[in-house]
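Basis for what follows: all heavy atoms, side chains included, without hydrogens, waters or symmetry-related copies. In what follows, chains carry the letters A, B, and so on, assigned in the order in which the sequence lines appear, proteins first and then strands, with residues in each chain numbered from 1.
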Amino acid sequence: MLQQTQVVTVLRYYPAFLQKFPTIQELARASPSSVLARWAGMGYYSRARNLHRAARIILNRYGGEFPQRYEDLRSLPGIGRYTAGAILSIAFGQRYPVVDGNVERVLARVMALRGDVKAAPYQKYLWSLAGQLTSRRSPSDFNQGMMELGALVCLPRQPQCGLCPVKSMCRARHLNLESRIPKPRRTKTAQYLHRLAAVVRDGRNRVLLVQRRDEELMRDFWEFPQFDVPARGDPGRDGRDSSAFLGRSLHKRFGREFTISHPLCRFQQNITFRRITVQAFEAQLNGEVGRLQCDRMPCRWITARALKDHLFDSTSLKILSNLQNR
DNA sequence: AACACGGGGAT
DNA sequence: ATCCCAGTGTT
């Protein structure tokens, strides 16, 4: 969970997850979607799929006993160099280094590395350095201490050098370069998207959902039918053109006519480099509700009670919470 | 080596 | 608005 996710965020998910899946055995026996359900909202969903696969491998290949050899750990899905080192040092007391974003920053400053520390030669050097520095007496304390130093003192923007236990050996500080090292990552230019979602009601307290089945991204997640508005000739922000586009899109996907009634909510969603403006409309299906079909993806009418049995991505969760606040 | 992956915290 | 987060897998 902690891969690229801040501790404070993980804390909102970890306790419930561990309560639901207290052991490797129980995690391995669970269904993929029930694991994903506990992960929903946290992002990087391949982590959840990998964790689940790893649990099954540990059960089947290692008899449910957690492997304690580096190569065995690395062969598990989702366990890379960092996680293998973290598990072996923290859980099993073995002397393996870790280099996460925090350690990388601490070492880059202590050694005043002016280049792009993400580049392979620097990474190689940092791992080697961390390997030499790692305490023999307590690899766990050392590794956690390095990460904690980066997270609490050696901050990315405003390093608190006055509080730092190693300030006297920090070359970046001696050179007054502590705020310029490491070099900021070049940011991918943002891509702006406008996305329309339909909350289609059937008049019997049900809403229409579709499932992302064949998509590579967010597979198995349920969502309100949604469509990206093409950038060219942007239909714009006023509800009229948007609702027309949404109506046409629904018609294309389901082969039926819909009536778009009124806008429900509008919010911003940031996914990696994309900045998505999501606007949800309420809509009705014209004619008989019964046999709605879509060749592209599974679709389903859902009652409010059945919502919790479905896996939602963050966008649909936001629309849902907006609906329930009414 | 570069990129995609999600969502949110902090400045 | 920007940078980053207890990284990994794929191309």
Whole-Å distance separating the CG atom of A:Asn102 from the P atom of C:dC3: 18 Å
Whole-Å distance separating the CD1 atom of A:Ile276 from the C1' atom of B:dC5: 13 Å
Separation of the C1' atoms in C:dC5 and B:dG6, to the nearest angstrom: 12 Å
Side chain to side chain donor-acceptor pair (under 3.5 Å) partners for A:Gln268, two or more places apart: A:Thr277
Heavy-atom protein contacts under 4.0 Å, nucleotides 6-11 of chain B, coded B base, S sugar-phosphate only, - none: BBBS-B
Euclidean distance, atom CD of residue A:Gln123 to atom C1' of C:dG7 [Å, nearest integer]: 10 Å
Whole angstrom value for the distance that separates P of C:dA6 from CG of A:Asp100: 7 Å
Side chains of A:Arg53 and A:Asn50, donor plus acceptor under 3.5 Å: yes
Write down the protein N/O and nucleotide N/O pairs, taken from nucleotides 9-11 of chain C, whose separation is under 3.5 Å; answer none if there are no such pairs.
from	atom 1	to	atom 2	distance (Å)
C:dG9	OP1	A:Gly78	N	2.4

Pair A:Tyr70 + A:Tyr96: ring centers closer than 6.0 Å: yes
Any donor-acceptor pair under 3.5 Å from A:Tyr45 side chain to A:Leu217 backbone: no
A:Glu104 CD - C:dT8 P separation (whole Å): 13 Å
Length of the line joining A:Leu36:CG and B:dC5:P, which is rounded to integer Å: 16 Å
Six-ring centre of A:Trp222, A:Arg212 cation under 6.0 angstrom, axis tolerance 45°: no
Between C:dT8 (P) and A:Leu51 (CG): distance, integer Å: 13 Å
A:Phe17/A:Phe21 aromatic ring centres below 6.0 Å: yes
Any residue meeting side chain to side chain donor-acceptor pair (under 3.5 Å) with A:Ser46, in chain and number order, not counting sequence neighbours: none
Can I get a per-line list of side-chain donor-acceptor pairs under 3.5 Å for residues 147-173 of chain A, giving both atom names and the distance, sequence neighbours left out?
from	atom 1	to	atom 2	distance (Å)
A:Gln160	NE2	A:Gln158	O	2.7
A:Lys167	NZ	A:Gly162	O	3.3

For atom CZ of A:Arg212 and atom P of B:dC5, their distance in whole Å: 10 Å
Phosphate OP1/OP2 of B:dC5: any A:Arg274 side-chain N/O under 4.0 Å: yes
Nearest-nucleotide 5' precedence on DNA chain C, A:Ile90 against A:Ala190: A:Ala190
Span that lies between the P atom of B:dC3 and that of C:dC3, in whole angstrom: 16 Å
A:Ser34 side chain to A:Ser31 side chain, donor-acceptor N/O pair below 3.5 angstrom: yes
Donor-acceptor pair between A:Ser75 and A:Glu71 side chains, under 3.5 angstrom: no
What are the atom names and distances for every N/O pair under 3.5 Å that joins the protein to nucleotides 1-3 of chain B?
from	atom 1	to	atom 2	distance (Å)
B:dC3	OP2	A:Arg186	NH2	3.0

In one Ile/Leu/Val/Met/Phe/Trp/Tyr side-chain cluster, 4.5 Å: A:Trp127, A:Leu113: yes
Spacing of CE belonging to A:Met1 relative to OG1 belonging to A:Thr9, to within rounding of 0.5 Å: 11.5 Å
Pairwise P distance for C:dA6 and B:dT11, with rounding to whole Å: 13 Å
